[in-house]
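So the structure is just underneath, and the comments pick up after that.
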Amino acid sequence: MFLFEDVEHGYDERRVLHGISVELTERRIAVIGANGSGKSTFARLLNGLQVPTSGRVLVDGLDTRSEGRAVRRKVGFVFQDPDVQIVMPTVAEDVAFGLKHRGLSKKDTAARVVEVLAEHGLSELAERPAHLLSGGEKQRLAIASVLALEPECVVFDEPTTMLDLRNKRRTTRVIAELPHQVVVVSHDLDLLSDFDRVLVFDEGRIVEDAPPARAIPAYLDLMAPC
Ligand SMILES: Nc1ncnc2c1ncn2[C@@H]1O[C@H](COP(=O)(O)OP(=O)(O)OP(=O)(O)O)[C@@H](O)[C@H]1O
């Protein structure tokens with residue numbers, strides 16, 4: 001589904017991704033690596049939140065540079081910090097927000113909101129102010145709001161970093177049960193132990209690209225103290 005063609009990305013003059021050429025077709029793909037190695041930048045390139053400084057990113061043949069809107073319909077993005085993503089005063093309004101741009105009638109939007117809240121165990125919180133939710137509840141809302149839009153693929157940027165153990169397990173299960181293609185950036189090795197493919201980043205390059213049984217030891221080697 002994703003094709004990176006010789007992608008470079010920089011902020012100002014500083015290159016943080018170098019010569020990334022990769023095709024991602026597996027259903028569950030993880031991205032791991034040291035802090036600052038370019039994982040989040042790579043994730044944001046996947047749905048056109050950022051476009052490459054040079055090279056191309058194609059999603060089902062759509063170039064993220066020229067077809068950003070169509071790409072973002074296909075590829076949902078869950079941020080590490082749900083506060084970045086929650087935009088409306090109440091839980092129900094937040095889920096409804098994205099749907100407003102999907103051309104649904106008011107009635108269909110309301111029905112979809114009820115359905116999504118129930119699917120994510122949020123029905124009882126529907127009228128609660130979203131900013132007063134706990135961190136775990138906010139994360140659930142952020143995921144629900146993205147899935148409400150029925151993307152084909154979901155990118156998660158460090159989805160468990162801010163969560164306690166219970167919510168971390170819950171989020172891991174939710175991701176495991178998604179039928180979508182998922183790309184997950186994470187430092188949490190438990191989360192990705194049964195993924196299909198793991199990309200290991202170091203200093204803006206993919207230095208290992210393999211199933212977890214090979215990629216995780218390579219990452220641990222990379223992280224070993226000198
Ligand atoms: N918007 C930005 N403007 C300037 N520099 C940025 C920006 N976003 C990221 N960077 C820089 O790009 C480099 C790669 O950052 P990125 O967030 O992609 O790495 P990461 O592997 O996801 O790191 P972490 O594991 O700490 O989240 C870092 O040096 C970072 O400071």
Side-chain angles (χ1 to χ4, degrees), residues 2-24 26 28-59 64-65 68 71-72 75-87 135-136 138-139 142-143 146 153-164 167-168 171-172 175 181-193 195 197-210 212 214-226:
F2 296 96
L3 181 63
F4 280 61
E5 291 179 343
D6 202 16
V7 166
E8 305 266 328
H9 195 72
Y11 299 103
D12 304 320
E13 292 302 297
R14 200 164 69 87
R15 286 283 148 119
V16 301
L17 288 181
H18 312 272
I20 305 285
S21 291
V22 71
E23 188 173 3
L24 306 177
E26 294 75 5
R28 288 199 289 158
I29 296 163
V31 179
I32 60 178
N35 289 133
S37 57
K39 305 178 300 295
S40 294
T41 303
F42 178 78
R44 291 193 292 265
L45 289 167
L46 289 164
N47 82 333
L49 277 174
Q50 277 171 345
V51 294
T53 306
S54 66
R56 292 200 304 171
V57 178
L58 302 177
V59 180
T64 58
R65 190 174 277 116
V71 166
R72 279 186 288 281
V75 186
F77 195 102
V78 178
F79 291 84
Q80 174 182 352
D81 178 358
D83 280 325
V84 172
Q85 201 161 334
I86 293 170
V87 288
K138 282 183 182 171
Q139 170 74 302
I143 294 176
V146 168
C153 171
V154 189
V155 179
F156 291 88
D157 191 3
E158 299 193 27
T160 57
T161 307
M162 298 171 82
L163 301 179
D164 68 17
N167 281 301
K168 185 173 130 167
T171 301
T172 300
I175 294 173
Q181 185 183 29
V182 295
V183 182
V184 182
V185 174
S186 186
H187 295 286
D188 175 2
L189 302 181
D190 294 339
L191 172 70
L192 49 96
S193 59
F195 271 43
R197 181 174 176 188
V198 181
L199 308 179
V200 183
F201 274 71
D202 190 36
E203 297 184 354
R205 292 189 167 80
I206 297 173
V207 295
E208 181 63 273
D209 177 357
R214 211 170 78 218
I216 291 175
Y219 169 68
L220 295 175
D221 269 358
L222 201 63
M223 293 289 108
C226 307

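We count ligands from 1, going down the list as the structure has it; atoms in each ligand are counted the same way. Since this is a predicted model, take the numbers as computed values, not measurements. Index from 1, following the sequence.
- When only non-hydrogen protein atoms are considered, atom 26 (O) of ligand 1 lies nearest to N35 ND2, 3.0 Å.
- Closest to atom 17 (O) of ligand 1, if we only count protein heavy atoms, is S40 CB, 3.6 Å.
- What you find for P52 and L45 is that their closest heavy atoms are N-CD2, 3.5 Å.
- A heavy-atom separation below 4.0 Å is not found between G204 and ligand 1.
- Below 4.0 Å from some heavy atom of A34 lie the following atoms of ligand 1, by number and element: 21 (O).
- Taking the centre of each ring, F4 and F42 come in below the 6.0 Å mark.
- Annotation: atom 9 (C) of ligand 1 to nearest protein heavy atom, Y11 CE1, 3.4 Å.
- Counting only N and O atoms by type, the side chains of Y11 and T41 include a donor and acceptor under 3.5 Å apart.
- Looking at R44 against ligand 1, only its side chain comes within 4.0 Å, counting heavy atoms.
- Nearest protein heavy-atom contact of atom 27 (O) of ligand 1 is E158 OE2, 3.2 Å.
- Residue-ligand proximity: G38 is placed with a non-hydrogen atom under 4.0 Å from ligand 1.
- With hydrogens and angles ignored, the 3.5 Å screen pairs a side-chain donor or acceptor of S193 with a backbone N or O of D190.
- Of the protein's non-hydrogen atoms, K39 NZ, 2.7 Å is the one closest to atom 25 (O) of ligand 1.
- S21 and D6 share no donor-acceptor pair across their side chains, judged by distance under 3.5 Å alone.
- Side-chain polar atoms of D202 and S37 form no donor-acceptor pair below 3.5 angstrom.
- Of the heavy atoms in A43, none comes closer than 4.0 Å to ligand 1.
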side-chain contact (heavy atoms from CB on, under 4.5 Å) between V22 and R197, intermediate numbers included: CA-CA 12 Å; V22 71; R197 181 174 176 188; 3.3 Å; yes
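- With hydrogens left out, the protein atom closest to atom 30 (C) of ligand 1 is R14 NH2, 3.8 Å, a heavy atom.
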Apply side-chain contact (heavy atoms from CB on, under 4.5 Å) to the pair F77 and D157, showing each step before the final yes or no. CA-CA 8 Å; F77 195 102; D157 191 3; 4.1 Å; yes
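- The distance from ligand 1 to the heavy atoms of H187 drops below 4.0 Å at these ligand atoms: 25 (O).
- Remark: minimum distance from atom 14 (C) of ligand 1 to any protein heavy atom is reached at G36 O, 3.5 Å.
- A distance-only check finds a donor-acceptor pair linking the side chain of E8 to the backbone of G19 [under 3.5 Å].
- Atom 18 (O) of ligand 1 has T41 OG1, 2.6 Å as its closest protein atom, hydrogens excluded (heavy atom only).
- Counting all heavy atoms, side chain and backbone alike, A43 lies closest to V185 at CB-CG2, 3.7 Å.
- Proximity of V16 to ligand 1, defined as any heavy-atom pair under 4.0 Å, is confined to the side chain (atoms from C-beta onward).
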